[in-house]
Amino acid sequence: MPIQSAKGAYDILPNETYKWQYIESIIREICELYNYKEIRTPIFENTDLFVRGVGESTDIVSKEMYTFLDKSERSITLRPEGTAGVCRAYVEHKLYSELNYLTKVYYLGSMFRYEKMQKGRQRQFTQFGVEALGGEDPSIDAEVISLAVNLIKKLGLKEVKVAINTLGDKESRLKYREALINHFKPEIDTFCGDCQRRLELNPLRVLDCKVDHDKPSMAKAPKMVDYLNDYSKNFFEKVLKHLDYLGIEYVLDHNLVRGLDYYNHTVFEVMSKVEGFGAQTTLCGGGRYNGLVEELEGPNTPGIGFAFGLERLILSLEAENIAIPDQNFVDVYIVSMSEKTNEIAFKLQEELRQNYIKCDKDYFNRKVKAQFKSADRYNARFTVVVGEEELENQKMIIKDMIAQTQEVVEINNIVLELKKRLEVK
RNA sequence: AUGAUAGUAACUCAAUCGGUAGAGUAGUGGUUUGUGGUACCAUUAGUUAAGAGUUCAAGUCUCUUCUAUCACCCCA
């Protein structure tokens, strides 16, 4: 059997790359507007980075990483997410040395997680993410969310909602954690195995459990809001106020718990609501991660960011029937009438390209009719017909494929004539 | 990791009880000796995901593997 692509990896074929290029161009445009600069970090890192950064108790680290030993027995991992690598680079290159400057970066690239496949969830996938490091003003949280919302808007997605929650700071979270453990402990034996394990590891995630979702004690569980200290409460209120200033609609979701250990304070998600979209409805997830840089042995640095899944963005564009612009055309298709005219057609092609005219021609000595069919397939704006009769008089034919008119032109003027017509277009 | 469903031409899909693998689209050639898109005609295209088994006979039944989809899990 011929070799297939590895499980969970897939090809983006030449007739669909335009979709990615389109989304990428919009992403870069928006990041430019918000003054975020691109950062490119390695696709593989030392495994420790993710164990310490993302957190040992997370699903990502405990069961989804592509980890291997290199030839010197170093443990290497293909990046499962982008934030840890960015923070590592931030510390390693001391990007914090410019005090009172917010470091605003974005990344765009492949991530790898060993997961069970599903639509909108593959093992190699593409994320676009943003990180703002070195600032703790609530307006930064709002700015980051605004960037995400504007990307959605610019793409034309409508069936989307923004959910937001706060996890509070370390102190609040510890208190809440205790309260949760105390609340569930007496009857934890009646919960599912996952919950029993999570209770000590990360009790917040018990709240997410779908198996035990309907248990009465679930509804009576202590709420994060009641355990927030004044600073955390105040901070979250300010974030919401800033979102209101911007007119961004959101839904408060007290059960929104991100699965990565580094999050605190603001967490949010952008979800698709379209009918017929896959089971994976989260387009974007993110939040604040004060303390992560410190964990990676950098200075105490607040940070916030998010990540989008590009595959899911494309799926949701398709689910909402939003056309993605496709620049599939050539300016000129060159038709060569016979073998005798092939040489001059070939030279003409090169000359047009030197003049930035996008063109193509036949490579199989096909009949004139077939060549015109190709011209249509490539959406040629004009064809240049190179024929023996015309050549004797040093002429060529320019045919306008839309107006269906054609003109005989001096060979010496052909580039000029084409340029004139293409500009008018 | 587990459970369920599916995989047939480049694409979308047919094929009755186990009985000759078939259409539309796309491609190629022609109707029109050197001019396209629509139309008409012709034509290419498949080891039925891979492998094994049952049977006179397997796309169809059984088993294994691979891949996808759904559930579960989680998230982007």
Side-chain angles (χ1 to χ4, degrees), chain A residues 1-10 13 15 54 58-64 79-83 107-129 148 192-195 197-198 202 205 208-211 256-260 263 267-272 278-287 305-316 333 335-338 340-341 362 364 366-391 397-406:
Chain A
M1 194 167 36
I3 298 173
Q4 301 178 316
S5 67
K7 190 182 175 76
Y10 65 101
L13 298 174
N15 63 348
V54 180
T58 62
D59 285 354
I60 293 180
V61 171
S62 62
K63 53 189 189 197
E64 294 174 358
R79 61 181 185 192
E81 56 96 54
T83 304
Y107 57 84
L108 190 54
S110 295
M111 306 294 162
F112 305 84
R113 293 184 199 171
Y114 192 86
E115 283 199 273
K116 185 77 180 153
M117 290 282 303
Q118 212 160 103
K119 193 172 179 184
R121 194 174 71 187
Q122 36 282 118
R123 290 179 174 183
Q124 172 172 348
F125 61 106
T126 315
Q127 279 192 342
F128 151 61
C192 74
D194 278 334
C195 286
R197 233 176 317 108
R198 283 175 192 150
N202 189 353
R205 291 195 37 211
D208 264 350
C209 183
K210 273 153 201 157
V211 181
L256 182 61
V257 178
R258 314 246 80 243
L260 290 81
Y263 284 118
V267 290
F268 63 95
E269 228 173 78
V270 181
M271 287 171 279
S272 173
Q280 313 303 321
T281 58
T282 303
L283 304 176
C284 165
F306 66 66
F308 270 92
L310 291 216
E311 288 80 4
R312 290 186 190 174
L313 275 180
I314 288 174
L315 283 175
S316 57
Y333 189 90
V335 173
S336 170
M337 287 293 187
S338 68
K340 286 181 186 159
T341 56
D362 172 63
F364 302 98
R366 295 198 301 166
K367 295 190 171 165
V368 172
K369 182 174 176 161
Q371 294 186 51
F372 270 93
K373 276 192 177 172
S374 296
D376 277 324
R377 213 191 12 211
Y378 290 137
N379 290 315
R381 182 66 186 82
F382 295 97
T383 49
V384 170
V385 182
V386 186
E388 289 177 44
E389 284 174 30
E390 287 79 12
L391 273 189
I397 297 169
I398 296 179
K399 177 165 184 176
D400 185 322
M401 295 300 277
I402 295 170
Q404 304 193 47
T405 55
Q406 59 181 48

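We name chains A, B, ... by the order of the sequence lines, and we start the count at 1 in each one. In this text, all values refer to a predicted model and were calculated from it rather than measured experimentally.
- A:G120 comes within 4.0 angstrom of a nucleotide base, judged by non-hydrogen atoms across all strands.
- When rounded to the nearest whole Å, the span between CZ of A:F364 and C1' of B:U28 equals 12 Å.
- Here A:K63 pairs with A:D59 under the side-chain contact (heavy atoms from CB on, under 4.5 Å) rule; sequence neighbours left out.
- Within the 4.5 Å cutoff, side-chain heavy atoms of A:S110 are placed close to those of A:Q124.
- Distance CD (A:Q118) to P (B:C72): 9 Å, rounded to an integer number of Å.
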Could you write out each protein N or O paired with an N or O of nucleotides 65-67 of chain B at a distance under 3.5 Å?
from	atom 1	to	atom 2	distance (Å)
B:C66	O2'	A:Q4	OE1	2.9

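- Contact annotation for A:D59: backbone-only contact, meaning every heavy-atom pair under 4.0 Å involves sugar-phosphate atoms and none involves a base.
- Looking at residues two or more places apart in sequence or on another chain, you find no side-chain hydrogen bond (donor to acceptor under 3.5 Å, both in side chains) involving A:N379.
- Of the candidate nucleotides B:A76, B:U35, B:G29, B:A76 has the atom lying nearest to any side-chain atom of A:R113.
- Rounded to an integer number of Å, the gap from CG of A:L310 to C1' of B:C75 is 15 Å.
- Between the base of B:U35 and the side chain of A:Q371 there is no donor-acceptor pair shorter than 3.5 Å.
- Scored by the side-chain hydrogen bond (donor to acceptor under 3.5 Å, both in side chains) test, A:T58 finds no partners at all (sequence neighbours excluded).
- A:D362 is linked by a salt bridge (Lys or Arg N to Asp or Glu O under 4.0 Å) to A:R366, counting only residues two or more places apart in sequence or in another chain.
- For A:Y10, there are no ring-ring contact (aromatic ring centres under 6.0 Å, His included) partners, not counting sequence neighbours.
- In this structure, A:I60 reaches neither bases nor backbone, as no heavy-atom distance under 4.0 Å exists between it and the strands shown.
- If you run side chain to side chain contact (heavy atoms under 4.5 Å, CB included) between A:K399 and each of A:V335, A:T383, A:T405, A:V384, only A:T383 comes through.
- Among the nucleotides B:A76, B:A1, B:U28, the one closest to any side-chain atom of A:Q122 is B:A76.
- Applying the 4.0 Å criterion to OP1 and OP2 of B:C73, one finds that A:R121 has every side-chain N and O outside that range.
- Going from the P atom of B:C40 to that of B:U25 covers 9 Å, rounded to whole Å.
- In this structure, A:R377 reaches the B:G27 phosphate: one of its side-chain N or O atoms is under 4.0 Å from OP1 or OP2.
- Under 3.5 Å, the side chain of A:K369 and the base of B:G34 form no donor-acceptor pair of N or O atoms.
- Looking at heavy-atom distances under 4.0 Å, A:M111 makes no contact with the nucleic acid at all.
- With sequence neighbours excluded, no residue forms a salt bridge (Lys or Arg N to Asp or Glu O under 4.0 Å) with A:D376.
- Taking atom P in both B:G27 and B:A21, one finds a spacing of 29 Å when rounded to whole Å.
- Going from atom NZ of A:K119 over to atom C1' of B:A76 covers 16 Å, rounded to whole Å.
- Residues A:C284 and A:V368 both approach RNA chain B. Their nearest nucleotides, taken by heavy-atom distance, put A:V368 toward the 5′ side.
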Dump the pairs, protein N or O against N or O of nucleotides 11-13 of chain B, anything under 3.5 Å, distances to one decimal.
none

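- Between the side chain of A:E390 and the base of B:G34, at least one donor-acceptor pair of N or O atoms lies under 3.5 Å.
- Counting to the nearest Å, the C1' atom of B:C75 and the CE atom of A:M271 are 12 Å from each other.
- Stacking of the aromatic ring of A:F125 onto the base of B:A76 is found: the ring centres lie under 5.5 Å apart and the planes are inclined by under 30°.
- If you check every strand for non-hydrogen atoms under 4.0 Å, A:A307 touches sugar and phosphate atoms only.
- Here the separation of B:A58 from B:C17, taken at their C1' atoms, is 14 Å to the nearest Å.
- With sequence neighbours excluded, the residues that form a salt bridge (Lys or Arg N to Asp or Glu O under 4.0 Å) with A:R121 are A:E115.
- Comparing B:G22 with B:U44, their C1' atoms sit 16 Å apart, to the nearest whole Å.
- Mapping A:Y263 and A:K116 onto RNA chain B via the closest heavy atom, the residue that lands nearer the 5' end is A:K116.
- Looking at residues two or more places apart in sequence or on another chain, you find a ring-ring contact (aromatic ring centres under 6.0 Å, His included) between A:F306 and A:F128, A:F308.
- Annotation: side-chain hydrogen bond (donor to acceptor under 3.5 Å, both in side chains) contacts of A:T126 (sequence neighbours excluded): A:E311.
- Considering only the side chain of A:K63, B:C73 comes nearest among B:C73, B:G36, B:C75.
- At whole-Å resolution of the value, CG in A:L108 and C1' in B:A76 are 13 Å apart.
- Interface remark: the A:E115 side chain does form a donor-acceptor pair with the B:A76 base, using a distance-only criterion of under 3.5 Å.
- In this structure, of B:G37, B:U35, B:A71, it is B:U35 that holds the atom nearest to the side chain of A:Q406.
- For RNA chain B, the stems formed by at least three consecutive Watson-Crick or G-U pairs, with both atom-pair distances below 3.5 Å, span B:2-7 with B:66-71, B:10-13 with B:22-25, B:27-31 with B:39-43, B:49-53 with B:61-65.
- Atom-to-atom, CZ of A:F128 to P of B:C75 comes out at 21 Å; the value is rounded to the nearest Å.
- B:A26 atom P lies 16 Å from atom CG of A:N15, rounded to whole Å.
- Of the candidate nucleotides B:G37, B:C70, B:C75, B:C75 has the atom nearest to the side chain of A:R312.
- Note on A:L283: only backbone sugar-phosphate atoms sit closer than 4.0 angstrom, heavy atoms only; bases stay farther off.
- Rounded to a whole angstrom, the distance from the P atom of B:G59 to that of B:G51 is 13 Å.
- Within 4.0 Å (heavy atoms only), A:E389 reaches at least one base atom of the nucleic acid.
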